[in-house]
Amino acid sequence: MRKFLIDTDTASDDAVAMCMALAHPDVDVVGFTVVAGNVPLDQAVQNALYTVELCGADTPVYAGAPAPMARDLQTAQEVHGEDGMGDIGLPLSGRTPAEGWGPQVIVDTIRANPGEVTLIAIGPLTNLAIALLWAPDIAEKVERVVIMGGTGEHGPGNITPTAEFNFWVDPEAVRVVLRSGMPLELVGWDVSIANAVVTEERRAEIRALGTAQANFSIDIQATLAQYAWEETRLAGPDFPDPIAMAHAIDPSPATSEFLAVDIAIGPDPMRGTMIVDHYGFAQGTPNATVVTRYPEDAFFGMLYELLG
Ligand code: RIB
Ligand code: CA
């Protein structure tokens, strides 16, 4: 069994990624640490607790950072809904998270299981950065760090013309992570819009699976689907966190490059822009494996298996 520790700003695509990990027979999800991002922290905690319950699991959920390290929180409720889960009236309140604070749980879990933990971050990197500032030794004790974030080599932004949301919310945290020495694998929004778009046909195939998790995974995309039609003009809602989770579960189908990656810290329009130094102009040393492709059939094949 591989130990997964998943850091999430639980909204409608995060929840699908959580269902995938909880369903996989070879994966032991040791915990979910929650960070403010798509929705305020408390809502993200409640969404995570609801999702764990829906999956019939008892995996602990820990609250983490309620805001970015050095900026005000800006959520994406216009994208995922006020409650982050499509505003379809789910009872997303009244559940109690486990005792413990996200960054501390990240440090304790990695130190207690050196070389065995895959840390998966599918929200802003605030919890990871706080953990690293407090315990830099975890960088060489964690086995893999898979991050949904950034725009790959030349992808478009989804919150500004050049920045992806997770990297944009807390760019200072991203810089701490990029300089930490952690074994980073970045799955950007470019990969999601290329091969993780839930078209009408894919939606029907997921519905046909007939399980609670499959129907949940479609139902909660109500706001994201609307946003896709109107704003990103995709052929349906895309699944960035689920395809990043697919890479964490099985990286073999992926195409990737080990590149020198930095992040723009300043104000908009450059805030949160991922900077890839292909030719060493900035003398940057390669510090991250950037996934440039994850095949659509491999992703949806795994998704259907795990939701089914
Ligand atoms: O840019 C996409 C990312 O931002 C996903 O993780 C989504 O859940 C939001 O957090
Ligand atoms: Ca997310």
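Numbering of ligands and ligand atoms starts at 1, following listing order. When a residue number appears, it is its place in the shown sequence, counting from 1.
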For atom 1 (O) of ligand 1, the protein heavy atom that lies nearest, with its residue and separation
E164 OE2, 2.6 Å
Please tell me whether S93 and Q46 have a donor and an acceptor in their side chains that are separated by less than 3.5 angstrom.
no
For ligand 1, which atoms have a heavy atom of F165 less than 4.0 angstrom away?
1 (O), 4 (O), 9 (C), 10 (O)
Which of the ligand 1 atoms, numbered from 1, are nearer than 4.0 Å to a heavy atom of D14
8 (O)
Side chains of D268 and W168: do they bring a donor and an acceptor to under 3.5 Å?
yes
Got the closest protein heavy atom to atom 6 (O) of ligand 1, with its distance?
D241 OD1, 2.6 Å
Note: ligand 1 atoms sitting under 4.0 Å from heavy atoms of M148 are 2 (C), 3 (C), 5 (C), 6 (O)
Given side chains that start at C-beta, do those of P40 and T75 come closer than 4.5 Å, heavy atoms only?
yes
If we number the atoms of ligand 1 from 1 as shown, the ones under 4.0 Å from a heavy atom of D9 are 10 (O)
Between D219 and R207, does at least one N-O distance fall below 4.0 Å, as a salt bridge requires?
yes
I122 contact mode with ligand 1 (heavy-atom cut-off under 4.0 Å):
backbone
Exactly one of T151, D262, T162 clears side chain to side chain donor-acceptor pair (under 3.5 Å) with T273, and that residue is T162
With a cut-off of 3.0 Å, does I122 put an N/O/S atom close enough to the Ca ion (ligand 2)?
yes
Assess whether atom CZ of R203 is packed by more than 12 heavy atoms of other residues, nucleotides or ligands within 6.0 Å.
no
Heavy atom under 4.0 Å from ligand 1: found in N158's side chain, backbone, both, or neither?
side chain
Less than 4.0 angstrom from a charged side-chain N to a carboxylate O is my criterion; do R175 and E172 meet it?
no
Starting from atom 9 (C) of ligand 1, find the nearest protein heavy-atom neighbour and note its residue, name and distance.
N38 OD1, 3.1 Å
D241: its N/O/S atom lying closest to the Ca ion (ligand 2) (atom name)
OD2
Atom name of the N, O or S atom of D9 nearest to the Ca ion (ligand 2) is OD1
Indicate, as side chain, backbone, both or neither, the part of V79 found under 4.0 angstrom from ligand 1 when only non-hydrogen atoms are considered.
neither
Hey, are E143 and K3 close enough for a salt bridge, meaning a charged N less than 4.0 Å from a carboxylate O?
no
Which of these, N166, V169, I193, has its nearest heavy atom closest to atom 4 (O) of ligand 1?
N166
Protein heavy-atom partner closest to atom 8 (O) of ligand 1 - residue, atom, separation in Å
D13 OD1, 2.5 Å
Considering non-hydrogen atoms only, spot the tightest contact between A139 and S180 and give its length.
CB-O, 3.3 Å
Side chains of V191 and M148, heavy atoms from C-beta outward: is any pair under 4.5 Å?
no
